[in-house]
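Report on the following structure.
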Amino acid sequence: MLGGLFGVGGGLIVVPGLIGFAKMERRLAHGTSLAATLPIAVASLITYLAHGNVDWPVALFLAIGAIAGAIVGTHLLHVIPKNVLVIVFVITILATATRLLISSDSNGRADLTVAMALVLIAVGFVTGTLAGMLGIGGGVIMVPVMVVGMGMVPVIAKGTSVAVIVPTAIMGTFRNRKHANVDIPVASIVGAFGAAAAVVGGTVSSHLSDQLSNTMFAALLVFVAITQLLSLRSTPTVATLDPVSPDRD
C-alpha cells in the first residue's frame with residue numbers, strides 16, 4: 001500500500017515484520033525485503049503508467065545516479081559512522097517535510113537541460129548512497145526532491161520514483177543473492193500480496209489533491225525520521241551488518 005500510495009519501497013514495514021514476526025536475522029530480512037520490493041514496485045509502476053503518471057526522462061537520470069550510488073554506499077558502510085549519517089538524514093527529511101507542508105503549488109517541471117540532468121544524476125547518486133549505507137532512501141528522498149525542487153505534480157513524482165526503484169531493486173537483489181542474503185520463498189509471498197495492495201494504493205494516489213498528498217507524505221517523512229532516531233539506540237556506531245540494498249524505504 002505504501003509503495004502504491006507514496007512511490008516508496010515499503011521496507012520500513014517489511015523489515016521489522018520479518019525480524020519481529022518471522023524471526024529472521026537482520027541481514028536476511030533486509031535482503032528479503034528488497035526482493036519483495038521488486039514485484040511491489042512493478043505493480044505500482046504499471047498502475048501509475050495506466051494513469052500516465054511517470055516522467056521517463058527524469059526517471060532515467062535519477063536511476064543512473066541511484067545505481068552507481070548504491071554500489072558506493074555499500075562500500076562506505078565500513079568507513080563512515082552510521083550515527084552521523086542518520087542524524088544528517090533525519091535533519092534533511094524533517095526540513096523537507098516542513099517544506100512540503102508550507103508549499104503545495106505544483107505546476108510541473110521546466111524543460112530538462114544539461115544542468116538539470118546532472119543535478120538529477122547527483123540526487124540519484126546521493127539517494128543510492130544513503131540507501132546502501134542506511135538501508136533506506138528511494139522514494140522518501142526522490143519524491144520530495146521532485147515535488148519541492150522541480151515543481152513536479154506529486155502523483156507524477158511518485159510514479160517516477162517507482163520507475164527508479166525497479167532497476168535498483170533488481171541490481172540489489174542480484175547482489176544480495178550472491179551473499180545468500182535473500183529468502184526467495186518468503187520474498188515471493190510478501191511481494192505477491194504487496195503487489196496487489198500496491199495497485200490499490202496507486203489508484204488512490206491518482207485521485208488525491210496535491211495538498212493532501214503533500215501532507216500525507218510529510219507525515220510519512222516524520223515517521224521515517226522517528227524510526228531512524230530510534231535505530232540509534234540499538235545499532236553500533238559503524239554500520240557493518242547491513243547487506244547490499246539500494247532501496248528499502
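Listed by first and then second residue, the salt bridge (charged side-chain N to carboxylate O under 4.0 Å, His left out) pairs involving residues 29-41 amount to none (not counting sequence neighbours). Within the structure, ring pair (Phe, Tyr, Trp, His ring centres under 6.0 Å) contacts touching residues 144-177 (residues at least two apart or in different chains) do not occur. Applying the salt bridge (charged side-chain N to carboxylate O under 4.0 Å, His left out) definition to pairs two or more places apart or across chains, those involving residues 109-120 are Asp55-Arg109.
Between Ser205 and Leu5, the closest heavy-atom pair is OG-O, 3.4 Å. In plain terms, the two heavy atoms of Leu221 and Ile93 that are nearest each other are O-CD1, 3.6 Å. What you find for Pro154 and Asn214 is that their closest heavy atoms are CG-OD1, 3.5 Å. Contact record, Ala198 with Thr47: O-OG1, 4.5 Å, taken as the closest heavy-atom pair. The minimum heavy-atom distance linking Gly159 with Val54 is given by the pair O-CG2, 3.8 Å.
How far OG1 of Thr168 is from CG of Leu34: 7.5 Å, rounded to the nearest 0.5 Å. Between Met142 atom CE and Thr160 atom OG1 the span is 9.5 Å, to the nearest 0.5 Å. In this structure, the separation between OG on Ser161 and CG on Leu45 is 10.5 Å, given to the nearest 0.5 Å. Between the OG atom in Ser33 and the CD1 atom in Ile40 there is a gap of 7.5 Å [rounded to 0.5 Å].
Other residues sharing a hydrophobic cluster with Ile189 under the 4.5 Å side-chain heavy-atom criterion for ILVMFWY residues are Phe193. The other members of the hydrophobic cluster of Val182, by chain and number, are Ile184 (side-chain heavy atoms under 4.5 Å, ILVMFWY only). Within the hydrophobic cluster formed by Ile, Leu, Val, Met, Phe, Trp and Tyr side chains joined at under 4.5 Å, directly or through other members, Leu118 is accompanied by Val114.
Two different hydrophobic clusters hold Leu38 and Val199 under the rule that ILVMFWY side chains link at heavy-atom gaps under 4.5 Å. Cluster annotation: Leu112 is connected to Val153 through the hydrophobic network of ILVMFWY side chains, with a link wherever side-chain heavy atoms come within less than 4.5 Å.
Contacts of Ile91 classified as side-chain contact (heavy atoms from CB on, under 4.5 Å), with partners at least two apart in sequence or in another chain: Ile87. Shown here are the ring-ring contact (aromatic ring centres under 6.0 Å, His included) partners of Tyr48, two or more places apart in sequence or in another chain: there are none. In this structure Val123 satisfies the side-chain contact (heavy atoms from CB on, under 4.5 Å) test together with Leu62, Val119, Thr127, Val145, sequence neighbours excluded. Applying the side-chain contact (heavy atoms from CB on, under 4.5 Å) rule to Ile46 yields the partners Val42; only residues at least two apart in sequence or on another chain are considered. For Thr32, the side-chain contact (heavy atoms from CB on, under 4.5 Å) partners are Leu18, Met24, Leu28, Asp183, Val186, Ala187, not counting sequence neighbours. For Thr215, the side chain to side chain donor-acceptor pair (under 3.5 Å) partners at least two apart in sequence or on another chain are Gln211.
A donor-acceptor pair shorter than 3.5 Å can be found between the side chains of Lys158 and Ser213.
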Derivation and outcome, side-chain contact (heavy atoms from CB on, under 4.5 Å), residues Phe6 and Val143: CA-CA 8 Å; Phe6 296 117; Val143 172; over 6 Å; no
Audit row: Glu25, Ile19, side-chain contact (heavy atoms from CB on, under 4.5 Å) steps and yes/no: CA-CA 7 Å; Glu25 184 267 336; Ile19 294 174; over 6 Å; no
